[in-house]
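Here the structure is a predicted model, which means the values were calculated and not measured. All values below were derived from every heavy atom in this structure, side-chain atoms included, with hydrogens, water molecules and symmetry-related copies excluded.
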Amino acid sequence: MNTFQAPNPSPTTAFTDPQSRRVAQPDRQDTPQAPAPNLRGDYGHTRDDYTVDQDWEKYSAAEHALWRELYQRQSAILPGLAAEDFIANLARMDAAGGIPQFDKISEQLFAATGWRLVAVPGLVPDDAFFNHLANRRFPVTVWLRKPEEIDYLVEPDIFHDFFGHVPMLFDPVFADYLAAYGAKGEEAIKHGSLKQLARLYWYMVEFGLIKTTDGLRAYGAGMLSSKSETLYCLSDPRPNRIGFALERVMRTDYKIDDFQKTYFVLESYQQLFEATLQDFENLYARLASLPVIPSTGVLESDRVYHFGNEGYAFDGAG
């Protein structure tokens, strides 16, 4: 299996990560090792499930100040762009004052949807990642970006993981979806279909949009932890905005070093949850015979909310 290689930084994007929270399993000795030498994070005290202690007391005053800056800057642009449930759930965690303590938020989260947060040193192997999700444990990176990385980050840090992901875990339906997604991991590994499953996470967890009575809103962690992509995903004329369809998403390539060229739009979180309950084994076999759709591609069968001015009609088999 190929290990994750960080893309070359682009000044236009604030977060990139090809499989979001995952990286290939390294050869294991008696204790877990860092998945790749170019990844950040201290893997020296990692447990067998790739969790670590958060060691909240070790965060510096400067790190707490940077967290407050990131939090205030990002939360200020959410009204009118982020889904209302994301905004409400972010507020209920009351984490604006400094880097949050995972155990305290886990108490709230477990009472709401049965999920807990687990601290990890950074990117984790596929099997560990899926196992955590399937058992309602969300991995959150313990380290925070540096001040000079405030507008761009290659790997997910605590701000991306917490600010971007945790609010949606308070939504019962979305929380059930993510656990169902995690349960699909073992099968995807077995069938060599991680790429197809990763696309579902990338487009619907990191960069998902949802239709509301007030128009399209963002709920994905990748854009809602990024000031520039939050604005871009809904207001810029360049990207396509296309209605969600499971096979369509799982066939579509994506960008890891630039803004997304296509965003997929849910009718509801229930739509996503129900799609994930179907048999993926037959789906993987079918997808293997179909061409990959370019990230800017548009099909005749698509429900198009907005045809981006960088898009083009895809002329491959639909």
Side-chain angles (χ1 to χ4, degrees), residues 20-21 77-93 108-115 133-134 136 138 163-185 196-226 229-235 239-252 254 260 262-280 283 287 293 298-299 301-308:
S20 184
R21 295 295 307 130
I77 67 171
L78 296 183
L81 296 174
E84 288 299 324
D85 45 357
F86 181 96
I87 295 174
N89 291 332
L90 183 67
R92 73 189 289 183
M93 294 188 296
Q108 286 183 269
L109 189 56
F110 186 80
T113 60
W115 277 76
L133 295 189
R136 293 180 178 259
F138 192 80
F163 187 99
H165 283 287
V166 177
M168 291 307 303
L169 294 175
F170 281 89
D171 182 277
V173 178
F174 191 86
D176 286 347
Y177 155 71
L178 201 56
Y181 176 90
K184 297 288 188 183
Q196 288 79 11
L197 191 62
R199 291 171 183 151
L200 182 61
Y201 192 97
W202 182 264
Y203 277 117
M204 304 319 302
V205 178
E206 294 289 356
F207 294 101
L209 301 178
I210 190 166
K211 180 183 177 183
T212 76
T213 55
D214 296 318
L216 302 187
R217 294 292 185 268
Y219 70 86
M223 75 266 280
L224 290 181
S225 60
S226 162
E229 188 142 5
T230 298
L231 299 170
Y232 171 88
C233 72
L234 290 170
S235 60
N240 302 311
R241 301 176 185 95
I242 295 172
F244 170 80
L246 182 65
E247 287 193 22
R248 171 68 161 96
V249 170
M250 295 177 76
R251 288 177 57 194
T252 306
Y254 56 75
Q260 300 310 296
T262 293
Y263 297 93
F264 290 98
V265 181
L266 289 176
E267 295 284 333
S268 67
Y269 303 125
Q270 186 69 28
Q271 179 190 23
L272 181 60
F273 174 57
E274 291 177 357
T276 309
L277 295 181
Q278 66 181 272
D279 176 19
F280 275 26
L283 175 60
L287 291 175
I293 302 171
V298 178
L299 305 179
S301 58
D302 286 338
R303 180 179 180 183
V304 179
Y305 288 86
H306 173 77
F307 187 88

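With contacts defined as side-chain heavy-atom distances shorter than 4.5 Å, the pair F264/R248 qualifies. Between L200 and L272 the shortest side-chain heavy-atom distance falls below 4.5 Å. Side-chain atoms of Y263 and N240, non-hydrogen and from C-beta on, never get closer than 4.5 Å to each other. Using a 4.5 Å heavy-atom cutoff, the side chains of T262 and F207 are not in contact. At least one side-chain heavy atom of Y177 sits under 4.5 Å from a side-chain heavy atom of V205. L78 is listed as a side-chain neighbour of L90, based on a closest heavy-atom distance under 4.5 Å.
With S226 contributing its side chain and G222 its backbone, the two residues share no donor-acceptor pair below 3.5 Å. The backbone N or O of F163 sits nowhere less than 3.5 Å from a side-chain atom of S225 that would complete a donor-acceptor pair. Side chain of Q108 to main chain of R92: a donor-acceptor pair is present (N/O by atom type, distance under 3.5 Å, no hydrogens or angles). Judged by distance alone, with hydrogens and angles left aside, the side-chain atoms of Y203 form no donor-acceptor pair with the main-chain N or O of M250 at under 3.5 Å.
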**Request:** Assess whether side-chain contact (heavy atoms from CB on, under 4.5 Å) is satisfied between L246 and L283, documenting all intermediate values.
**Result:** CA-CA 10 Å; L246 182 65; L283 175 60; 3.7 Å; yes

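The ring pair (Phe, Tyr, Trp, His ring centres under 6.0 Å) test applied to Y219 returns F174, Y269, not counting sequence neighbours. Listed by chain and residue number, N282 satisfy the side chain to side chain donor-acceptor pair (under 3.5 Å) test with D279 (two or more places apart in sequence, or in another chain). Scanning for side chain to side chain donor-acceptor pair (under 3.5 Å) contacts around T276 gives an empty result, with sequence neighbours left out.
Between I293 atom CD1 and D302 atom CG the span is 7.0 Å, to the nearest 0.5 Å. In this structure, the separation between CG on L266 and CG on L216 is 11.0 Å, given to the nearest 0.5 Å. The CG atom of L169 sits 5.5 Å away from the CG atom of L109 when rounded to the nearest 0.5 Å. We find the CD-CZ distance between Q271 and F244 to be 6.0 Å, quoted to the nearest 0.5 Å. Here the CG atom belonging to L178 is positioned 12.5 Å from the CE atom belonging to M204, to the nearest 0.5 angstrom. To the nearest 0.5 Å, atoms CZ (R251) and CG (L299) are separated by 6.0 Å.
The aromatic rings of W202 and Y254 lie parallel to each other, with less than 30° between the two planes, well short of the 60° mark.
When every heavy atom of A218 is checked against every heavy atom of M223, the shortest pair comes out as CB-CG, 3.9 Å. Heavy atoms only, all atoms of each residue included: L209 and C233 are closest at CD2-SG, 4.0 Å. A pairwise comparison of heavy atoms in Q278 and K184 identifies O-NZ, 2.8 Å as the closest pair. Summarising the geometry of A180 relative to L277, their closest heavy-atom pair is CB-CD2, 4.3 Å, with the distance given to 0.1 Å. Heavy atoms only, all atoms of each residue included: F280 and A275 are closest at CE1-O, 3.7 Å. Taking each heavy atom of F170 and A112 in turn, the nearest pair found is CD2-CB, 3.7 Å.
At a threshold of 4.0 Å, the pair R136-D176 counts as salt-bridged, since one of the basic side-chain nitrogens sits closer than that to a carboxylate oxygen.
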